[in-house]
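Structure first, then comments.
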Protein chains: 2
Amino acid sequence: MSPRRSAAEARSTRERIIRRSVDVASLEGLEGLTIGRLAEDLGLSKSGLLGHFGSKEVLQLATLERASVIFNNEVWAPAADARPGLDRLHAVCAAWISYLERGVFPGGCLFVSSTFEYDGRGGPVRALLRRQFAVWRRRLAADVRTAVRRGELPAGSDPEQLVFELSGVMMSLNHALQLHGDSAAVVRARRAVHRLLDAACRPDGRPPSA
Amino acid sequence: MSPRRSAAEARSTRERIIRRSVDVASLEGLEGLTIGRLAEDLGLSKSGLLGHFGSKEVLQLATLERASVIFNNEVWAPAADARPGLDRLHAVCAAWISYLERGVFPGGCLFVSSTFEYDGRGGPVRALLRRQFAVWRRRLAADVRTAVRRGELPAGSDPEQLVFELSGVMMSLNHALQLHGDSAAVVRARRAVHRLLDAACRPDGRPPSA
DNA sequence: ATAGAGTCCGAACGATCGGTCGCTATAGTC
DNA sequence: GACTATAGCGACCGATCGTTCGGACTCTAT
């Protein structure tokens with residue numbers, strides 16, 4: 001029936017599996033991912049699909065790695081060229097909001113859903129999630145520190161605090177979009193980011209460009 | 001082996017099931033709840049357990065209803081006696097943070113986890129979640145409006161905006177506690193709430209008590 | 001004493017889960 | 001052209017899923 005694939009095509013098959021897996025996982029969760037349904041969707045047999053990974057857990061890890069690439073392309077890459085510091089923080093947040101608004105992952109940010117799915121368990125999946133979040137947090141905090149050094153943010157700013165609050169804005173946006181379909185939340189998120197990053201709210205009332 | 005329960009004991013059995021179900025669901029998710037394991041944990045048979053509900057979906061709904069009662073007891077009740085307006089908002093947020101910090105649900109706030117589990121699907125479970133969140137949001141927004149009317153918050157404040165940002169803080173806290181076990185996030189959450197509710201950051205620089 | 005309602009069990013159901021095994025057909029290598 | 005590696009298939013495994021059913025049992029009401 002279906003012709004055997006060449007070695008060159010095999011990589012593209014793996015591609016197809018992972019791409020689909022990311023979408024399904026964002027909708028049904030990393031655990032809701034089932035080999036059988038995934039294989040059926042792609043016109044493969046279960047064993048043929050599993051042969052590319054060896055186990056479901058490896059597939060889950062590959063899915064998260066791939067989601068990380070997508071996230072970086074969508075959120076970090078568009079901002080990477082901005083000037084490090086406050087400019088880039090603004091650019092990242094704009095890209096972040098856009099990424100959620102456009103529904104890059106159809107079921108919402110895969111990292112957020114996966115976190116709340118795996119936070120109560122152990123295992124490699126949770127460990128990978130922790131690493132990925134840590135990397136992202138560190139990256140944002142670095143730009144906050146740069147902004148502070150430049151005087152674009154007040155000297156007393158706690159980088160971890162700001163990252164904590166920005167993450168909260170994005171989670172709240174993800175929540176509002178996915179559960180309520182409330183597109184008004186997008187402007188609320190922008191306002192919140194503005195309030196967190198901009199001068200309106202400095203303790204000394206000084207504009208950040210000083 | 002196990003003695004048959006009287007009619008009077010039946011209610012307490014249902015109680016035991018739901019109580020356990022809430023804990024398991026917060027750790028494994030509402031879908032990860034399985035009749036078999038739940039029955040085994042409680043020393044019941046699967047059919048005996050299911051007899052109290054009829055289907056897994058009914059059990060899930062009962063679990064959410066119960067979680068709502070717990071949430072209200074832990075977060076709303078301690079603040080209910082405070083003066084409506086800014087005072088009560090502060091009290092609610094303090095109770096909310098404490099509720100997350102103490103791990104009332106061992107796997108983190110059940111509503112947050114359930115949301116991200118069911119936001120991609122339809123069905124009565126998601127519908128119930130939407131209603132519960134809407135009620136909570138409306139309750140908070142009402143106190144924001146009272147605070148604005150009283151002049152405790154600036155006149156231009158958008159209630160939905162504030163509720164959106166407060167929710168974000170709590171989700172970020174839940175995330176930090178559950179995934180990273182980062183207890184420092186508790187003070188970050190307090191700082192964030194302070195910044196959202198207190199005077200330090202008014203557009204007109206006026207203290208809220210004016 | 002007796003009938004009925006309700007609680008719970010044990011066995012079984014079809015379905016589906018992740019995973020294994022042996023096989024065929026092809027691509028690339030020599 | 002023979003050899004090796006591997007992509008993919010089909011059949012199958014044991015486990016577990018939610019659910020159903022009949023019956024044993026306890027209580028309450030009459």
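Each chain gets a letter, A, B and so on, in the order its sequence line appears, and its residues count up from 1.
Here the P atom of nucleotide C/dT7 and the CD1 atom of B/I17 are 11 Å apart, to the nearest Å. Across the protein-nucleic acid pair, B/L49 atom CG and C/dC8 atom P stand 10 Å apart, rounded to whole Å. The separation between B/E40 atom CD and C/dC8 atom C1' is 17 Å, rounded to whole Å. In this structure, A/L59 places its CG atom 14 Å from P of C/dC17, rounding to the nearest Å. As rounded to whole Å, 15 Å separates atom C1' of C/dT7 from atom CG of B/L42. Spacing between atom CZ of A/R14 and atom P of D/dG8 amounts to 12 Å, rounded to whole angstrom units. Remark: P of D/dC17 and CG of B/L38 are 11 Å apart, rounded to the nearest angstrom.
Partners of A/R20 under the salt bridge (Lys or Arg N to Asp or Glu O under 4.0 Å) rule, at least two apart in sequence or in another chain, are A/D41.
Considering A/F111, A/F164, A/F133, A/Y118 in turn, A/F133 is the only one that fulfils the ring-ring contact (aromatic ring centres under 6.0 Å, His included) rule with B/H175.
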Could you list, one pair per line, each protein nitrogen or oxygen that sits under 3.5 Å from a nitrogen or oxygen of nucleotides 18-20 of chain D, together with the distance?
from	atom 1	to	atom 2	distance (Å)
D/dG18	OP1	B/L33	O	3.2
D/dG18	OP1	B/K56	NZ	2.8
D/dG18	OP2	B/I35	N	3.0
D/dG18	N7	B/K46	NZ	3.1
D/dG18	O6	B/K46	NZ	3.2
D/dT19	OP2	B/K56	N	2.6
D/dT19	O4	B/K46	NZ	3.4

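Listed pair A/H52 / D/dT6 fails the phosphate criterion, with no side-chain N or O lying under 4.0 Å from OP1 or OP2.
Between A/F71 and A/W136, the distance separating the two ring centers is shorter than 6.0 angstrom. The distance between the ring centers of A/H194 and A/H90 does not fall below 6.0 angstrom.
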Base-pair map of DNA chain D as dot-bracket, where | denotes pairing with a different strand and pairs are Watson-Crick or G-U under 3.5 Å: ||||||||||||||||||||||||||||||

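Contact between A/H52 and A/R14 at its shortest, heavy atoms only, is O-NH1, 3.1 Å. Closest heavy-atom contact between B/L42 and B/L49: CD1-CD1, 4.5 Å. Closest approach of A/L100 and A/C109 over heavy atoms only: CD2-CB, 4.0 Å.
Other residues, nucleotides and ligands contribute at most 12 non-hydrogen atoms within 6.0 Å of the CD atom of A/E40.
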